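What follows is a set of notes on a single structure, which appears directly below.
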Number of protein chains: 2
Amino acid sequence: MAGNGHPTIKTVAARAGVGRTTVSRVINGSELVSADARARVLAAIKELNYVPNSVARGLVTSRTDAVALVIPESESRLGSEPFFAALIRGVSAVLAETRTQLQLTLVRDRFEREQLAATVATRRVDGVLLVSVHAHDRLPGMLEELGLPTVLAGRRDARERLAYVDSDNAGGATAAVRHLLERGRRQVATITGALDMDVGRSRLAGWRGAHREAGVPADGNLVEAGDFTEEGGRRAMRSLLERAPHLDAVFAASDLMAVGALAELRRRNRRVPDDVAVVGFEDSVLARHTDPPLTTVRQPVEEQGRTMARILLDITRHGAERRQVTLPTELVVRESS
Amino acid sequence: MAGNGHPTIKTVAARAGVGRTTVSRVINGSELVSADARARVLAAIKELNYVPNSVARGLVTSRTDAVALVIPESESRLGSEPFFAALIRGVSAVLAETRTQLQLTLVRDRFEREQLAATVATRRVDGVLLVSVHAHDRLPGMLEELGLPTVLAGRRDARERLAYVDSDNAGGATAAVRHLLERGRRQVATITGALDMDVGRSRLAGWRGAHREAGVPADGNLVEAGDFTEEGGRRAMRSLLERAPHLDAVFAASDLMAVGALAELRRRNRRVPDDVAVVGFEDSVLARHTDPPLTTVRQPVEEQGRTMARILLDITRHGAERRQVTLPTELVVRESS
DNA sequence: CCGCCGGGTGGGAGCGCTCCCGCCGGTTGA
DNA sequence: TCAACCGGCGGGAGCGCTCCCACCCGGCGG
């Protein structure tokens with residue numbers, strides 16, 4: 001019983017000469033406290049340097065004021081780090097306003113990913129933000145069953161039921177390819193992203209859409225599947241050039257793949273943009289540093305993070321409905337096109 | 001009392017026909033349980049899909065099995081994201097092994113930084129990992145007073161008392177400058193990092209050391225202070241060229257500043273490496289993508305994160321002493337030198 | 001003058017867990 | 001034979017908080 005350790009609400013109550021309940025009320029901003037009592041409690045808190053124990057609070061309220069951000073590490077390793085960094089910044093900014101903690105969970109492999117559901121079920125978080133969901137990912141479903149509010153970055157497919165915030169992938173891709181066609185490019189190839197993800201499929205759909213719009217037939221020979229990695233971009237560029245040596249433009253579904261494509265083009269002494277125009281997607285820091293600087297589609301990643309956090313908090317704090325938001329993208333023209 | 005909600009340890013005990021304590025023992029891997037009882041408990045856990053409530057556990061053990069990683073956002077915004085991403089990967093890998101949660105705290109401004117001490121004092125974390133500490137940062141001291149185990153990424157100064165993991169900044173810088181001098185460069189300038197940080201000072205010391213070693217006088221005119229940003233690198237390069245137009249090499253204390261320097265050199269039509277050799281520090285992704293690819297000093301950032309996490313866990317779990325570790329760096333020669 | 005109301009207050013109970021301590025019954029050594 | 005011991009086990013207490021439910025008391029209407 002030494003006054004040692006940290007002061008508790010009881011210590012504060014004794015010091016202020018009031019009951020525990022009154023202290024609790026002051027802390028939680030209840031109106032039903034006389035000005036006098038409130039002042040005494042506040043003074044006691046300051047004197048004792050008291051900080052409420054949020055674990056104890058969490059036990060009774062069964063809220064933790066923490067949300068998890070789940071990121072598959074395999075993808076983050078692939079150099080898309082700027083994406084995650086920006087997303088985290090956005091999320092964190094909104095959470096800070098409401099004193100909500102951000103728990104970062106990097107998931108290394110499928111096993112850890114499935115295990116996560118159990119971890120998360122230990123009630124350590126009020127909700128989950130999920131990044132990079134594949135079409136047949138089971139995790140979102142598991143979280144839903146657990147009744148844990150979940151917001152996705154990107155959707156699993158066009159019929160997504162859960163809350164999500166996505167960029168306008170199809171629209172951005174269409175704009176990119178339209179830009180190439182309008183500049184007179186005749187054979188606009190595309191290096192797609194992973195096609196088991198909606199991002200990959202939607203950006204490919206955008207490439208098709210722009211062709212349709214322009215009344216140009218979309219040649220299946222000009223499509224090569226990538227995987228969002230630099231090496232994948234390089235490889236895809238290689239097979240495209242072999243299949244369609246006369247292509248004069250390529251739309252890569254990510255900046256990183258565009259970088260790979262640029263490398264392959266340089267290796268073959270194709271000039272960019274003179275011989276072949278290149279456009280990426282994301283507008284990461286990379287895009288400004290390639291040679292030549294990369295034309296690309298900017299997605300508002302930080303805003304995406306902010307929106308995700310807001311939607312999640314609205315659900316956990318105010319029981320709001322799940323919302324689905326698509327954020328606009330914007331073509332940034334640089335020197336590669 | 002409806003069987004609703006989540007099963008508790010009591011539910012499991014009833015189902016298995018044992019006491020709460022026995023269930024607890026099984027969960028925590030105690031030896032003092034008969035094989036029979038253990039089997040029954042395990043079965044009950046599985047049937048009920050029971051997951052222990054870690055908040056309740058935390059209340060009694062006063063451990064949360066979570067640690068905070070504190071990152072000043074101002075710096076992370078500066079494009080050093082690859083550094084933080086790698087650090088997080090390392091930290092996360094080690095934490096995952098011990099089922100410890102990672103709480104990420106981006107600190108936007110000084111105010112939030114000081115407030116953090118209070119937040120952290122709500123007992124939500126067992127320890128803190130601190131990144132980018134400036135020489136006169138008050139936060140480490142506050143955490144120490146709170147008795148919260150802390151490990152720094154980098155040290156405040158050469159007399160650091162807290163646990164830390166740092167790269168061999170001086171050694172790496174010396175190797176970089178030695179390399180330039182050995183290749184016959186006569187005027188090796190340096191763009192320093194922020195000089196209120198040990199990283200900045202140590203890398204500058206390395207530049208001096210290599211000169212001393214080679215018996216070449218270190219010309220103060222060849223030193224220009226930067227701030228680890230690209231723009232800072234550009235600016236520093238500009239003043240260096242004005243002050244010392246005949247310099248034939250520059251060692252930048254970060255890749256990002258090297259990128260700025262490269263841009264300025266190109267603007268002035270100085271060829272790299274023919275006219276001026278450039279070396280950076282960090283070996284971030286950027287380094288492979290500059291034109292020409294950047295010679296730089298690789299620091300084992302992921303390993304740094306792993307080591308930090310290990311040291312922190314050793315302290316929180318086993319009451320180990322604070323350790324101070326310096327990890328070796330390695331010169332990576334590419335085409336800019 | 002009495003009942004009633006309602007703002008301000010405090011104590012009890014209980015959140016789900018761990019840990020202390022004591023109980024039980026079988027084995028061992030003197 | 002009996003005390004000492006020990007492995008296996010369970011209940012009580014309590015971690016620090018919130019919330020329910022009184023309780024008190026001054027003011028007011030009947």
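The figures here come from the full heavy-atom set of this structure, side chains too, leaving out hydrogens, waters and symmetry mates. As the structure is a computational prediction, the values presented were derived from the model and not from experiment. Within every chain, numbering begins at 1; the chains are lettered A, B, ... in the order of the sequence lines, protein sequences first and strands thereafter.
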Counting only distance, no hydrogens or angles, is the base of [N] paired donor-acceptor with the side chain of [X] under 3.5 Å?
X     : N      : value
A:R20 : C:dG12 : yes
B:R38 : D:dG8  : no
B:T21 : D:dG11 : yes

Heavy atoms of other groups near A:H136 NE2, more than 12 under 6.0 Å: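 Incorrect, the count does not exceed 12.
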
Of the nucleotides [options], which one has an atom closest to the side chain of [X]?
X     : options                : answer
A:V18 : D:dG16, D:dT18, C:dG10 : C:dG10
B:N28 : D:dG10, C:dT18, D:dG16 : C:dT18
B:I9  : C:dG10, C:dG8, C:dC17  : C:dC17

Is the shortest side-chain N/O distance from [X] to OP1 or OP2 of [N] below 4.0 Å?
X     : N      : answer
B:S24 : C:dT18 : yes
A:S34 : C:dT9  : yes
B:S62 : D:dC15 : no
B:T61 : C:dC17 : no

Send over the distance from [X] [atom1] to [N] [atom2], rounded to a whole Å.
X     : N      : atom1 : atom2 : answer
B:N53 : C:dG14 : CG    : P     : 18 Å
A:R40 : C:dG8  : CZ    : C1'   : 12 Å
A:L59 : C:dT18 : CG    : C1'   : 12 Å
B:H6  : C:dC17 : NE2   : C1'   : 16 Å
A:R57 : D:dC15 : CZ    : P     : 18 Å
A:I27 : D:dC17 : CD1   : C1'   : 9 Å
A:E31 : C:dG8  : CD    : P     : 9 Å
A:L32 : D:dC23 : CG    : C1'   : 15 Å

Ionic contact status for B:R40 with B:D36, cut-off 4.0 Å: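 Yes, this pair counts.
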
Pairing of B:R317 and B:D65 as salt bridge, 4.0 angstrom limit: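 Result for this pair is yes, salt bridge flagged.
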
Counting only pairs under 3.5 Å, give me each side-chain donor-acceptor contact of residues 53-60 of chain A, with atom names and distances, residues two or more places apart or in other chains.
from	atom 1	to	atom 2	distance (Å)
A:N53	OD1	A:V55	N	2.8
A:N53	OD1	A:A56	N	3.1
A:S54	OG	B:T122	O	3.4

Sugar-phosphate, base or nothing in reach of B:A37, heavy atoms under 4.0 Å: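 Touches sugar-phosphate only.
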
Touch class at under 4.0 angstrom, heavy-atom based, for A:V33 against every strand present: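 Sugar-phosphate, backbone atoms only, no base.
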
B:Y50 or B:R25, whichever maps to the more 5' nucleotide of DNA chain C: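 Nearest-nucleotide comparison on DNA chain C picks B:Y50.
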
Closest-nucleotide 5' rank along DNA chain D - winner of A:K10 and B:V23: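 Between the two, 5'-proximity favours B:V23.
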
5'-most by nearest nucleotide on DNA chain D - A:T8 or B:G19: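 This one resolves to B:G19.
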
Partner nucleotide, any strand, of D:dG30 [Watson-Crick/G-U, under 3.5 Å]: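 For D:dG30, the partner nucleotide comes out as C:dC1, under the 3.5 Å rule.
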
Using atom types as modelled, flag every donor-acceptor pair under 3.5 Å from a side chain in residues 14-26 of chain B to any protein atom, sequence neighbours excluded.
from	atom 1	to	atom 2	distance (Å)
B:R15	NE	B:E47	OE1	2.9
B:R15	NH2	B:E47	OE1	2.5
B:S24	OG	B:N28	ND2	3.4

A:T64 and B:R124: side chain donor to acceptor below 3.5 Å: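 Checked: A:T64/B:R124 side chains show no N/O donor-acceptor pair below 3.5 Å.
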
